[in-house]
**Q** 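Can you keep this structure in mind? I'll have questions shortly.
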Amino acid sequence: MAAAEETVEWPLMRRYEGAAQGRGVAADGWRVCLAHSFEELRQPYGAGDVPLRDVLRHVGLALRYFRWWVKKTRIEKKKAFIDLLCAVPLQQIYGCPFGGIGGGTITRGWRGEFCRWQLNPGLYHYETVIANQFTVCLRCKGQTIYQQVLSVERPSSLQGWNWGYCGHYAFYHALYPRAWLVYELPGQQVVLTCRQVSPVIPHDYKDSSLPVGVFVWEGWRTGRDEDVEVSIMFSLQNGPGAKEAGSGGHWNEPFTFHKDGQRVAGVLLHHCPPVNPFTLAISAREKAGTGVTHVTAFNPTGLGREVWQDLLQDGRLDSPSGKSRLTEKGEVTAAAVCASCSVPAHGHKTLELALAWDMPCVHFGSKEKLHLRRYTRFFGSKGDAAPALSHYALTHYEEWERKIEAWQNPILENSQLPSWYKSALFNELYFLTDGGTIWMEVPPDCRAEELQGPAGAGLSHLLPVLREYGRFAYLEGQEYRMYNTYDVHFYASFALIMLWPKLQISLQYDIAVTVVNEDVQPRQYLMCGQTAQVKMKNVVPHDIGDPGDEPWQRVNAYLMHDTADWKDLNLKFVLQVYRDYYMTRDSLYLRDMWPVCQAVMESELKFDTDNDGLIENGGFADQTYDAWVVHGASAYCGGLWLAAVCMMCKMAEVLGDTEVQQKYLGILNKGKEAFERMLWNGKYYNYDSSGSDTSISIMSDQCAGQWFLGACGLDQGEFEVFPKSHVLSALKTIFEKNVLGFAGGTMGAVNGMRPDGVPDTSSVQSNEVWVGVVYSLAATMIQEGMVEEGFRTAEGCYRTVWERLGMAFQTPEAYREKKVYRSLAYMRPLSIWSMQLALERRAGQAQAPVWGMSPQSAVA
Ligand SMILES: CC(C)CCC[C@@H](C)[C@H]1CC[C@H]2[C@@H]3CC=C4C[C@@H](O[C@@H]5O[C@H](CO)[C@@H](O)[C@H](O)[C@H]5O)CC[C@]4(C)[C@H]3CC[C@]12C
């Protein structure tokens with residue numbers, strides 16, 4: 001396999017001057033010293049980076065986009081689904097997001113700041129809220145000996161607090177869904193480890209939906225003979241930033257919650273904007289030897305002296321009873337909770353604090369429908385669940401951690417796997433929660449007709465599936481605000497089917513419903529300028545809608561191209577249906593999806609204009625590479641087509657539909673011959689058959705069809721679609737040219753490489769590296785036995801994104817060799833889970849199959 005046992009090196013720890021390793025910190029993950037700074041600061045891809053030739057080519061698009069952008073943002077006062085004119089600037093600060101799936105997320109930075117907020121579904125607010133801090137107070141023999149905000153910042157507000165902790169003595173370690181901050185307290189012989197735990201648990205459809213998490217603080221006395229009293233104060237502002245304070249009316253109140261002999265105490269912060277009001281809760285667990293105190297309200301924009309002195313005096317807070325007053329217009333308020341215990345000399349103690357938020361009912365941008373979040377099925381929808389959520393988190397997090405370890409340990413303990421891969425695999429999973437993710441309930445009184453749309457989808461299990469598992473959506477990217485962008489989800493879907501298969505099944509039902517429905521509203525498409533309807537019947541949509549509008553209700557927020565003519569979307573549906581069936585053996589799902597697969601394949605057949613069994617591209621960028629033109633037969637879409645035709649045969653066989661099986665067998669045989677004849681050049685498959693200058697470019701994604709076939713065990717014997725020797729030769733060429741021949745082999749695979757070893761610059765996307773494509777390429781290599789090459793390929797992306805460019809927890813869609821990146825915090829890199837599937841399949845060939853899945857969903 002890829003690496004023999006290695007000693008883990010931490011390239012981002014060079015500035016660490018401490019000696020502490022912390023308590024219980026995972027051995028693998030992403031580790032950075034709080035004093036680190038990244039040397040290279042990249043820019044988002046902008047107009048200035050477009051070569052003259054592309055400027056001329058895209059001038060029509062640019063004008064149409066600008067007109068559309070002005071209307072949207074300046075006249076309608078809404079947000080653009082992709083804002084090309086105001087890209088989010090790169091901040092190299094992010095760490096693990098906090099919270100479960102689909103209830104909103106709050107991201108903490110690696111220096112401990114609370115800096116990225118997604119409470120309104122799909123909408124991001126990037127603001128570090130300075131009042132949100134942990135402060136430590138140490139007392140010996142009745143005297144406060146040390147009090148420090150655990151932050152390296154020196155802000156202009158709260159100047160009565162002691163800021164500027166020395167970052168050289170602390171480090172951050174992330175292994176999603178957990179993260180650790182380890183602080184040595186200079187001169188105090190005390191080490192603090194804060195462990196952040198979120199309920200993100202594979203195959204769990206209850207706790208994983210909860211908008212909560214805990215901070216477990218472990219105080220460790222490394223020397224001295226006296227006990228020390230340790231207090232940790234958690235302060236939180238009411239709402240995600242000053243700009244959100246709005247018309248005021250926000251207020252705080254203390255609470256306690258007692259159940260099953262366990263008590264928690266804290267403060268509720270009620271945030272009351274006109275749309276999507278919510279309550280935040282900070283709390284701590286009361287247990288023998290742990291005292292919990294609070295401040296109900298303080299001004300986070302002032303000096304903060306009262307709170308500081310209050311804590312300094314006795315290591316406790318004043319704990320007034322009663323509610324705070326309502327805030328005035330523009331006024332901000334904050335609260336604090338403090339947990340204290342005594343740490344014996346040379347011993348350690350634990351304090352447990354929680355952060356929960358309760359926004360049970362949400363409107364999207366259009367405010368047409370009120371949606372209930374998934375967790376309301378367990379905690380109600382009245383908006384009073386924050387105390388119960390806090391109690392649940394503080395009394396269940398140990399169980400969550402046991403389950404997280406049971407899932408992660410077999411991978412972490414595999415000494416054959418390199419450490420960077422373990423970090424990449426788990427940390428890239430952040431996007432499942434922090435991808436603007438929403439997980440909704442379907443109301444119990446909902447009827448099938450309401451879900452199916454006017455055309456009625458005839459999906460017998462649509463209602464039971466959605467009722468039981470809810471509706472799931474995540475964004476294409478935090479900057480590309482479209483839900484479930486399907487050509488991209490194709491790559492990312494491995495994470496979902498392997499870890500929460502029911503959510504993938506539910507998502508597929510939603511897509512199936514949209515296939516049979518249409519939206520006849522005309523609109524202009526920005527790339528070509530032509531007008532066509534929003535959604536055609538019997539084709540897969542590009543996406544399920546914009547959270548700024550009304551997703552599910554209005555699909556296809558993307559208006560760059562009319563995707564009814566895209567060649568990959570329908571195929572990607574068929575490929576996922578069979579892959580999902582293969583991995584879950586859910587035959588009800590297969591039966592329901594079968595007519596939909598047939599319908600989309602019928603639509604696709606019209607793209608085989610010369611009836612040779614192979615589809616042709618339309619001479620525009622009619623697939624996921626939406627700015628890279630393809631003419632005629634192509635390696636990417638032709639390969640996906642043959643794989644989908646093969647899977648149609650297989651599904652027909654499983655379902656006993658011999659007529660359809662024969663039909664697609666005939667197409668497969670013809671199509672295979674045409675594919676080889678038109679595209680195989682003796683070393684790899686040509687980009688396309690146009691015979692143009694760039695048709696012989698080496699595309700890193702040319703084996704995408706083989707990737708899916710291999711993942712489903714359909715790559716040998718009677719199912720061999722692409723000759724093994726050709727697949728191997730193509731992968732070797734890609735490795736040699738697109739990987740090793742690009743940036744010295746250190747940045748993954750460039751999308752398109754000319755045979756002479758120069759990146760293909762014929763389009764704005766051909767000389768990009770797409771991280772998610774690289775991980776899927778690596779998986780294909782592993783499937784085909786090129787394990788070393790697969791790891792080498794993927795490693796380039798991990799090291800570039802996480803270690804060099806400071807883009808942890810915001811992996812972009814794309815970067816170039818120099819200067820620029822495109823679309824931060826993107827869906828596609830979740831495809832790294834297909835590497836894991838490939839590894840487990842290989843291991844399964846030697847021993848019993850291991851799928852990284854719970855027994856009930858593991859493949860027989
Ligand atoms: C006259 C100007 C100075 C020149 C302006 C040139 C620009 C108009 C173009 C240069 C780069 C183009 C963008 C490249 C990528 C885009 C992404 C796309 O959306 C999603 O992208 C995924 C691929 O990354 C795709 O798989 C998903 O399905 C898509 O949802 C939307 C178009 C664009 C932003 C593209 C727009 C035009 C340029 C900025």
Side-chain angles (χ1 to χ4, degrees), residues 43-69 80-88 435-436 474-493 525-529 540-546 555-572 620-630 636-637 640 700-701 704 751-752 761-774 776 811-816 820-831:
Q43 298 297 321
Y45 191 88
D49 303 294
V50 186
L52 184 64
R53 188 185 42 197
D54 290 309
V55 171
L56 299 175
R57 186 185 301 158
H58 290 302
V59 88
L61 161 68
L63 291 173
R64 281 185 289 274
Y65 178 83
F66 186 67
R67 207 171 45 214
W68 172 85
W69 184 90
F81 74 102
I82 298 181
D83 200 333
L84 296 171
L85 301 177
C86 307
V88 178
Y474 63 148
L475 296 175
E476 180 180 330
Q478 289 180 8
E479 296 190 76
Y480 285 11
R481 244 191 24 233
M482 293 159 278
Y483 273 136
N484 296 353
T485 296
Y486 200 72
D487 52 301
V488 182
H489 171 67
F490 172 71
Y491 294 80
S493 62
Y525 288 97
L526 302 180
M527 209 53 100
C528 62
V540 170
H542 174 273
D543 57 82
I544 216 84
D546 175 357
V555 304
N556 275 347
Y558 178 82
L559 43 63
M560 296 290 172
H561 291 277
D562 177 3
T563 57
D565 286 330
W566 273 21
K567 307 300 176 291
D568 58 342
L569 289 166
N570 299 325
L571 308 173
K572 288 173 172 175
F620 68 104
D622 53 356
Q623 29 66 47
T624 198
Y625 298 85
D626 60 349
W628 192 1
V629 173
V630 205
Y636 183 65
C637 291
L640 291 174
S700 65
D701 213 0
N751 282 342
T761 53
S762 64
S763 82
V764 288
Q765 290 171 340
S766 49
N767 62 344
E768 290 181 332
V769 174
W770 286 9
V771 180
V773 167
V774 172
S776 69
T811 304
E813 155 80 320
Y815 53 76
R816 290 220 178 139
V820 293
Y821 67 87
R822 184 165 62 76
S823 191
L824 286 174
Y826 198 75
M827 176 199 278
R828 207 181 316 250
L830 282 169
S831 64

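These numbers come from a predicted model, not from an experiment. In each ligand, atom 1 is the first atom listed, and ligand 1 is the first ligand listed. Index from 1, following the sequence.
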**Q** As an exercise, identify every atom of ligand 1 less than 4.0 angstrom from a heavy atom of Trp770.
**A**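 Numbered from 1, ligand 1 contributes 23 (C), 24 (O).
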**Q** Among residues two or more places apart or on two chains, list those pairs meeting salt bridge (Lys or Arg N to Asp or Glu O under 4.0 Å) that have a residue in residues 43-54.
**A**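 Found Asp54-Arg57.
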**Q** With atoms numbered from 1 as shown, which atoms in ligand 1 lie under 4.0 angstrom from a non-hydrogen atom of Tyr826?
**A**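 Listed by number with element: 22 (C).
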**Q** Going from CZ on Phe81 to CG on Leu559, what distance comes out if it is rounded to the nearest 0.5 angstrom?
**A**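 CG of Leu559 is found 4.5 Å from CZ of Phe81.
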**Q** My understanding is that we take every heavy atom of each candidate and find the minimum distance to atom 32 (C) of ligand 1. Doing that for Met560, His561, Arg57, Arg828, which one comes out nearest?
**A**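 Nearest heavy atom to atom 32 (C) of ligand 1 lies in Met560.
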**Q** With Asp622, which residues qualify under salt bridge (charged side-chain N to carboxylate O under 4.0 Å, His left out), at least two apart?
**A**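 Asp622: salt bridge (charged side-chain N to carboxylate O under 4.0 Å, His left out) contacts with Lys567.
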**Q** Counting each atom of ligand 1 from 1 as listed, which ones have a heavy atom of Glu813 under 4.0 Å away?
**A**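 Listed by number with element, the hits are 22 (C), 23 (C), 24 (O).
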**Q** Report, in ascending order of atom number, the atoms of ligand 1 lying under 4.0 Å from any heavy atom of Val55.
**A**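 Under 4.0 Å from Val55, ligand 1 has these atoms: 1 (C).
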**Q** Please verify whether a non-hydrogen atom of Met527 lies at under 4.0 Å from ligand 1.
**A**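 Met527: no contact with ligand 1 (<4.0 Å).
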**Q** Tell me if the aromatic rings of Tyr821 and Tyr45 count as close, with their centers under 6.0 Å from one another.
**A**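 Aromatic pair excluded; centres sit 6.0 Å or further apart.
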**Q** How many angstroms lie between NE2 in His542 and CG in Asp626, if you round to the nearest 0.5 Å?
**A**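 With rounding to 0.5 Å, NE2 (His542) is 6.5 Å from CG (Asp626).
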**Q** Any idea which atoms of ligand 1 are less than 4.0 Å away from a heavy-atom of Val488?
**A**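 Every atom of ligand 1 under 4.0 Å from some heavy atom of Val488: 26 (O).
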**Q** Can you confirm whether the side chains of Thr485 and Glu476 place a donor and an acceptor under 3.5 Å from each other?
**A**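 Yes, side-chain donor-acceptor contact under 3.5 Å.
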**Q** Measure the distance from atom 30 (O) of ligand 1 to every protein heavy atom, then report the residue, atom name and distance (to 0.1 Å) of the closest one.
**A**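 For atom 30 (O) of ligand 1, the nearest protein heavy atom is Glu476 OE1, 2.8 Å.
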**Q** Below 4.0 angstrom from a heavy atom of Ala62, which ligand 1 atoms are there? Numbered from 1 as shown, please.
**A**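 Under 4.0 Å from Ala62, ligand 1 has these atoms: 1 (C).
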**Q** Against heavy atoms of Asp487, which atoms of ligand 1 measure under 4.0 Å?
**A**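 Contacts of ligand 1 toward Asp487, numbered from 1: 25 (C), 26 (O), 27 (C), 28 (O).
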**Q** At under 4.0 Å between heavy atoms, which part of Trp566 makes contact with ligand 1: side chain, backbone, both or neither?
**A**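 Side chain only.
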**Q** Side chain, backbone, both or neither: which part of Thr624 comes within less than 4.0 Å of ligand 1 when only heavy atoms are counted?
**A**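 Answer for Thr624: both.
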**Q** Counting from 1, what ligand 1 atoms have a heavy atom of Ile82 closer than 4.0 Å?
**A**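 Within the 4.0 Å cut-off of Ile82, ligand 1 contributes 19 (O), 31 (C).
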**Q** Centroid-to-centroid, Tyr491 to Trp770, below 6.0 Å?
**A**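 They do not qualify: ring centres at least 6.0 Å apart.
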**Q** At a 4.0 Å cut-off, with the gap strictly under it, does some heavy atom of Glu768 reach an atom of ligand 1?
**A**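 The answer is no: ligand 1 sits nowhere under 4.0 Å from a heavy atom of Glu768.
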**Q** Within the 3.5 Å criterion, strictly below it, is a donor on Arg828 or Thr811 matched to an acceptor on the partner's side chain?
**A**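 No.
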**Q** Does even one non-hydrogen atom of Tyr45 get within less than 4.0 Å of ligand 1?
**A**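 Tyr45 counts as a contact of ligand 1 under the 4.0 Å cut-off.
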**Q** Side chains of His489 and Tyr474: closer than 4.5 Å at any heavy-atom pair?
**A**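 His489 reaches Tyr474 side chain to side chain.
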